[in-house]
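Structure record follows, encoded as structure tokens.
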Amino acid sequence: MPAIPSHSGAARARSWWGWGYTDAHPGDAECTAMGALLPGTRARPLPIPRVTDLSIGRPAATPPPALAHLVTAAPEARAAHAMGKAYRDVVRALRGRPGRIPDLVARPTDNQQVADLLDWAGEHGVAVIPFGGGSSVVGGVEYRGDTHRAVMSLDLTSMNRVLEVDTASRSARIQAGALGPVLEDQLRPRGLTLRHFPQSFEFSTLGGWLATRAGGHYATGHTRIDDFVQSLRVVTPAGTGTSWRLPASGAGPSPDRLFLGSEGALGVITEAWMRLQERPRYKASASVAFADFHHALDAVRAIARSDLAPANCRLLDPGEALLSGASHDGSAVLVLGFESATTRVDGRLTDALDLARAHGGRGKAPTPGRDAPADAAVSAWRSTFLRMPYLRDGLARMGAVVETFETAATWDRIPALVDAVRGEVGAAALKATGHPATVNCRLTHVYPDGAAPYFTVAVAGRPGVEVEIWDDIKAAASDVLHRHRATITHHHAVGRDHRPGYDLQRPEPFALALRAAKNALDPHRILNPGVLID
């Protein structure tokens with residue numbers, strides 16, 4: 001994947017096969033050390049895959065001269081756009097089996113070019129896979145099947161500018177291909193921020209967040225990308241549409257809601273007016289330890305139901321706390337954080353700590369101050385949180401199977417759901433591999449009526465069948481979620497990997513309406529085939 005500017009402006013090379021930057025991947029020695037923690041893994045890591053080792057044929061389609069300058073068939077670009085960054089994608093790349101590699105990669109720079117590319121693709125039966133940062137972990141940016149004569153990846157990252165800023169309404173019109181850091185760098189001089197920071201922030205785009213209804217890093221309040229949308233511009237094979245900018249409206253079903261979460265199956269989001277916020281000036285954070293995870297759940301529910309609205313309210317079970325370095329004594333750890341652009345937040349943190357202590361938590365507030373430093377547990381968790389995707393790829397090189405998945409359910413179901421996932425998914429991993437699995441849980445987002453548990457599964461695999469084992473674990477997890485009426489995904493989208501669970505979750509009348517929308521907007525069935533609907 002081509003180099004992109006870092007925060008400092010220097011170019012860093014993106015990995016075509018794994019997460020993030022190539023210079024941030026763990027080396028062989030670190031991979032070996034991690035593998036030693038999972039008995040049954042390889043003695044040494046699999047080698048880093050090379051594009052030159054892949055079998056990449058000639059493109060099955062050629063764009064017309066008028067579009068040729070927007071399109072490349074270079075092997076490096078095609079390989080970098082063949083898959084997302086799920087565990088199964090990483091392992092397929094390591095094994096030299098990345099699946100269907102796109103014939104072409106297109107990089108439009110404006111709305112008309114997107115429309116022209118869709119027109120050509122529709123006339124010639126070319127599947128179009130909208131592509132932002134490529135960070136999908138659910139099979140959302142790859143082509144599966146053989147229905148179309150050719151496949152084109154539509155990379156929007158050249159459409160990356162903040163086009164207008166309306167300071168009176170505190171909003172901005174932003175092109176959808178803007179990566180997180182690129183977007184924030186353009187807003188920072190005005191003292192504004194979108195305040196949407198998913199773990200994939202560096203490697204995902206505004207359009208990707210919108211198309212997948214992404215959840216941000218913040219645990220309460222306005223954290224989902226849906227909450228920030230004023231208006232969308234969408235290019236479809238049937239035409240281009242732009243919704244009105246409004247603070248709110250009761251005029252029928254929302255046109256924006258049709259495309260939020262549509263994952264490129266109905267149209268290509270090219271621009272959006274987004275609600276902004278002032279950059280925070282006051283911050284405070286602390287951690288709270290709990291001897292009992294279920295008491296910790298009670299504490300989190302009490303905080304979520306208060307009007308304190310912490311920016312971070314992330315509960316780590318003992319395994320997750322140990323993995324992140326937040327705790328080494330078997331405690332669960334609650335990471336709390338508050339921020340504001342206008343008022344001090346020390347008092348809100350103190351009140352949240354009081355609620356946590358009332359449910360058996362152990363913790364103290366930091367020394368009051370405008371920028372009180374985070375305590376050791378908070379700092380350890382934050383560091384591990386950002387590095388975790390790289391460590392997952394290192395474990396994959398050691399033959400470990402690593403799966404992460406998230407969900408959401410109402411509070412009355414959360415305790416039984418967490419226990420069922422730990423027991424049943426752990427049993428499925430043991431059956432598939434013959435090795436005991438580690439199954440950890442954390443709460444990433446909390447609401448007055450429920451929470452979003454995020455699970456991590458790690459187990460030594462069997463050489464050559466890691467993807468099949470991953471599929472078995474995914475199926476077991478999806479079955480547990482369905483039986484407990486928990487959503488198949490809270491913020492990672494449906495893609496292709498979650499389709500079976502999504503088909504069971506959605507009401508059939510809605511499925512009928514979605515199919516009708518697909519037929520009307522994409523009559524040639526070229527947009528991201530297999531995502532959401534057939």
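These figures come from a predicted structure and were not determined experimentally. Heavy atoms only: backbone and side chains are in, while hydrogens, waters and symmetry mates are out.
- How far CD1 of I129 is from CG of L154: 10.0 Å, rounded to the nearest 0.5 Å.
- Ring centers of Y21 and F203: under 6.0 Å apart, within the cut-off.
- Residue W16 holds its CH2 atom at 11.0 Å from CZ of R50, rounded to the nearest 0.5 Å.
- Between E403 and R392 there is no salt bridge, since none of the side-chain N atoms of the basic residue sits less than 4.0 Å from a carboxylate O of the acidic one.
- Taking CG from L194 and CG from L276, the interatomic distance works out to 6.5 Å, rounded to the nearest 0.5 Å.
- Interatomic distance, CD1 of I533 versus CG of L514, reported as 4.0 Å (0.5 Å rounding).
- From L266, atom CG reaches atom CD1 of I269 across 9.5 Å, with rounding to the nearest 0.5 Å.
- With hydrogens and angles left out, the side-chain atoms of T242 and R233 include a donor and acceptor closer than 3.5 Å.
- Annotation: H148 is in aromatic contact with Y143 [ring centroid separation under 6.0 Å].
- Between the side chains of E271 and N111, at least one donor-acceptor pair of N or O atoms lies under 3.5 Å.
- Side chain of S15 to backbone of W19: no donor-acceptor contact under 3.5 angstrom is found.
- Within the cation-pi definition used here (under 6.0 Å to the ring centroid, within 45° of the axis), R442 qualifies as a partner of Y454.
- Looking at D393 and R397, no side-chain N of the basic residue comes within less than 4.0 Å of a carboxylate O on the acidic one, giving no salt bridge.
- Residues W470 and D497 approach most closely at CH2-OD2, 3.6 Å, considering heavy atoms.
- In this structure, K518 does not pair ionically with D534, as no charged nitrogen and carboxylate oxygen lie closer than 4.0 Å.
- F259 approaches S262 most closely through the heavy-atom pair O-OG, 2.7 Å.
- Salt bridge annotation for R224-D227: absent, with no cationic side-chain nitrogen under 4.0 angstrom from a carboxylate oxygen.
- Ring centroids of H491 and W209 are separated by 6.0 Å or more, keeping the two rings apart.
- Ion pairing of K85 with D89 is absent here, as no side-chain N (NZ or NE/NH1/NH2) approaches a carboxylate O to less than 4.0 Å.
- Other residues, nucleotides and ligands place more than 12 heavy atoms under 6.0 Å from the CG atom of D53.
- The pair D522-R525 fails the salt-bridge criterion, with no side-chain N (NZ, NE, NH1 or NH2) lying under 4.0 Å from an Asp/Glu carboxylate O.
- With 3.5 Å as the limit, one finds a donor-acceptor pair spanning the side chains of Q505 and T487.
- Taking each heavy atom of P255 and S243 in turn, the nearest pair found is CG-CB, 4.0 Å.
- In R245, the CZ atom is crowded: over 12 heavy atoms of neighbouring residues, nucleotides or ligands sit closer than 6.0 Å.
- Of the charged side-chain nitrogens involved, none lies within less than 4.0 Å of a carboxylate oxygen, so that K474 and D471 do not count as a salt-bridged pair.
- Taking a cutoff of 4.0 Å between a charged side-chain nitrogen and a carboxylate oxygen, E508 and R515 qualify as a salt bridge.
- Side-chain polar atoms of S340 and R281 form no donor-acceptor pair below 3.5 angstrom.
- Between H490 and H445, the ring-plane angle classifies as tilted under the 30° and 60° cut-offs.
- Residues A79 and I56 come closest through the heavy atom pair CB-CD1, 4.4 Å.
- Using the six-membered ring where Trp is involved, H124 and W120 have ring planes that are tilted, between 30° and 60° apart.
- Using modelled atom types and a 3.5 Å distance limit, the side chains of Q175 and T270 yield no donor-acceptor pair.
- A donor-acceptor contact closer than 3.5 angstrom is absent between the side chains of Q230 and R275.
- A donor and an acceptor atom, one from each side chain of E406 and T444, are nowhere located under 3.5 Å apart.
- Under a 3.5 Å cut-off, the side chain of R344 and the backbone N or O of K283 do not form any donor-acceptor pair.
- Smallest separation of non-hydrogen atoms from R496 and V141: NH1-N, 4.1 Å.
- Side-chain contact, H81 with D155: a donor N or O sits under 3.5 Å from an acceptor N or O.
- R279 and R188 get closest at one heavy-atom pair: NH2-NE, 3.7 Å.
- Of the charged side-chain nitrogens involved, none lies within less than 4.0 Å of a carboxylate oxygen, so that R14 and E202 do not count as a salt-bridged pair.
- The closest side-chain donor-acceptor pair between Q199 and H217, if any, does not fall under 3.5 angstrom.
- The main-chain N or O of L308 is found under 3.5 Å from a side-chain atom of R348 such that the two form a donor-acceptor pair.
- A salt bridge does not link E142 with R100: every distance from a Lys NZ or Arg NE/NH1/NH2 to an Asp or Glu carboxylate oxygen is 4.0 Å or more.
- Counting only distance, with no hydrogens or angles, the side chain of S204 and the backbone of S200 share a donor-acceptor pair below 3.5 Å.
- Screening D110, D116, T109 for a side chain to side chain donor-acceptor pair (under 3.5 Å) involving Q112 leaves a single residue, D116.
- In this structure, N312 CG and L336 CG are separated by 7.5 Å, a value rounded to the nearest 0.5 Å.
- Within 6.0 Å of CZ on R190 lie no more than 12 heavy atoms contributed by other residues, nucleotides or ligands.
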